[in-house]
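Please read all numbers here as calculations on a predicted model, not as lab measurements.
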Amino acid sequence: MSDTSGEVRLGRAFFERDSPVVAPELLNKVLVVGECAGRIVEVEAYRSDDPASHTFRGRTARNATMWGHGGHLYVYFTYGMHFCANVVTSIEGDGQAVLLRGAVPLRGLEFMRRRRGGRPDRILADGPGKLCQAFGLDRSDDGTDLVRDPAVTIVDDGILPPMAPIVTPRIGIRVATDVPWRWVAPPA
DNA sequence: ATTGGGATCGTCT
DNA sequence: GACGATCCCAATA
């Protein structure tokens, strides 16, 4: 599956692995939502044996998508005002996902700027809540199939994941803070 | 450059 | 009824 721009959509098999394996592989891939596209530069892994994960305490209406099959988008609402987007990995019933924490805008900058209130380009999508606001993602996008839906997908444009990603503990959690499951692409 | 507080509501206890 | 896988602005240095 390719198009004239040389971008190749990620197939199902890409997502059918454990989240700490998929997460660093997602760095430098391109998130595409309608007219907007951005290079993924920051991610975190979560899974059900992990106290910081939404799936740690079992299945609920909110986290149902995260319990599903890899390659779908899990979008949740938090802090009364933010959405966060995750890529579900592994297989049905496993409860694993990769949180998309940051992207560098590539296309559709006009849409992103408008949704982000005209803030400077460098802070359009440099955080999980900001990323969702910039790309216009909300709960209505929860469950989207990234492999089959052309409007919301992830593509490989030939840029490899960073050879030496920055690895750190995850951000904004209060438990399992010792696990180094956050990956960041070094600044260009 | 860094820090601290307020906003705001769906979800689970 | 409490609290978040957060963000933004104001204040300080």
Side-chain angles (χ1 to χ4, degrees), chain A residues 15 17-27 29 31 33 36 38 40-68 70-90 94-105 109 111-144 146 152 154 165-187:
Chain A
F15 303 101
R17 297 173 292 160
D18 286 352
S19 57
V21 175
V22 175
E25 288 289 313
L26 277 171
L27 292 178
K29 297 292 188 294
L31 173 66
V33 181
C36 297
I40 298 165
V41 294
E42 181 178 347
V43 296
E44 285 178 357
Y46 289 88
R47 64 187 198 189
S48 59
D49 63 350
D50 158 20
S53 172
H54 287 177
T55 48
F56 183 67
R57 292 169 204 286
R59 187 175 188 127
T60 66
R62 172 168 78 148
N63 68 29
T65 298
M66 187 168 165
W67 284 105
H72 292 254
L73 196 69
Y74 168 45
V75 183
Y76 66 88
F77 181 74
T78 190
Y79 291 106
M81 61 189 85
H82 299 294
F83 294 97
C84 294
N86 304 250
V87 174
V88 180
T89 70
S90 191
D94 237 13
Q96 303 200 42
V98 176
L99 173 65
L100 302 178
R101 288 194 56 93
V104 175
L109 280 280
F111 298 99
M112 299 193 196
R113 292 189 189 110
R114 178 161 359 110
R115 293 195 197 101
R116 294 279 297 126
R119 290 186 175 79
D121 287 359
R122 60 175 297 119
I123 61 169
L124 285 181
D126 65 331
K130 299 184 221 178
L131 184 152
C132 281
Q133 189 177 21
F135 282 85
L137 293 170
D138 59 36
R139 264 246 121 183
S140 71
D141 298 292
D142 180 59
T144 302
L146 297 165
V152 182
I154 297 178
I166 298 162
V167 185
T168 79
R170 295 170 295 182
I171 303 288
I173 56 173
R174 309 196 55 160
V175 293
T177 51
D178 54 322
V179 186
W181 280 355
R182 171 172 175 259
W183 290 265
V184 184

B:dG10 OP1/OP2 closer than 4.0 Å to side-chain N/O of A:R139: no

Atom pair distance, as rounded to whole Å: CZ in A:F83 and P in B:dC9: 11 Å

Distance test, side-chain N/O of A:H54 to OP1/OP2 of C:dA5, below 4.0 Å: yes

Side-chain donor-acceptor pair present, A:T144, A:D141, cut-off under 3.5 Å: no

Complementary nucleotide for C:dA5 - Watson-Crick or wobble, under 3.5 Å: none

First encountered from the 5' end of DNA chain C, between A:E44 and A:Q133: A:E44

OG1 on A:T89 to NE2 on A:H72, rounded to 0.5 Å: 12.0 Å

Phosphate OP1/OP2 of B:dG10 contacted by A:R62 side-chain N/O (<4.0 Å): no

Opposite nucleotide pairing with B:dT8, Watson-Crick or G-U, both atom distances under 3.5 Å: none

A:Y46 over C:dA5, stacked by centroid distance under 5.5 Å, angle under 30°: yes

Electrostatic pair A:D126:A:R122 at N-O distance under 4.0 angstrom: no

Distance in angstrom units between A:L131 CG and C:dC8 P, rounded: 12 Å

NZ/NE/NH1/NH2 to OD/OE distance under 4.0 Å, A:R47 and A:D50: no

Distance-only donor-acceptor check, side chains A:Q133 and A:R115, under 3.5 Å: no

A:R122 CZ - C:dC8 P separation (whole Å): 14 Å

N/O donor-acceptor pair, side chain A:Y79 with base B:dA7, under 3.5 angstrom: no

Separation of B:dT11 P from A:N63 CG (nearest whole Å): 11 Å

Distance in angstrom units between A:R182 CZ and C:dT6 P, rounded: 11 Å

Distance, rounded to the nearest Å, where A:I123 contributes CD1 and C:dC8 contributes C1': 9 Å

Closest to side chain of A:M66, choosing from B:dC9, C:dA5, C:dG4: C:dA5

Earlier contact from the 5' end, DNA chain B, for A:T78 and A:T60: A:T78

Sugar-phosphate, base or nothing in reach of A:I173, heavy atoms under 4.0 Å: sugar-phosphate

A:R57 CZ: over 12 foreign heavy atoms closer than 6.0 Å: no

Whole-Å gap separating P (C:dA5) and CD (A:E42): 16 Å

Which nucleotide in C:dA5, C:dC8, C:dT6 has an atom nearest any side-chain atom of A:R116: C:dC8

Separation of C:dT6 C1' from A:D126 CG (nearest whole Å): 12 Å

Touch class at under 4.0 angstrom, heavy-atom based, for A:R119 against every strand present: sugar-phosphate

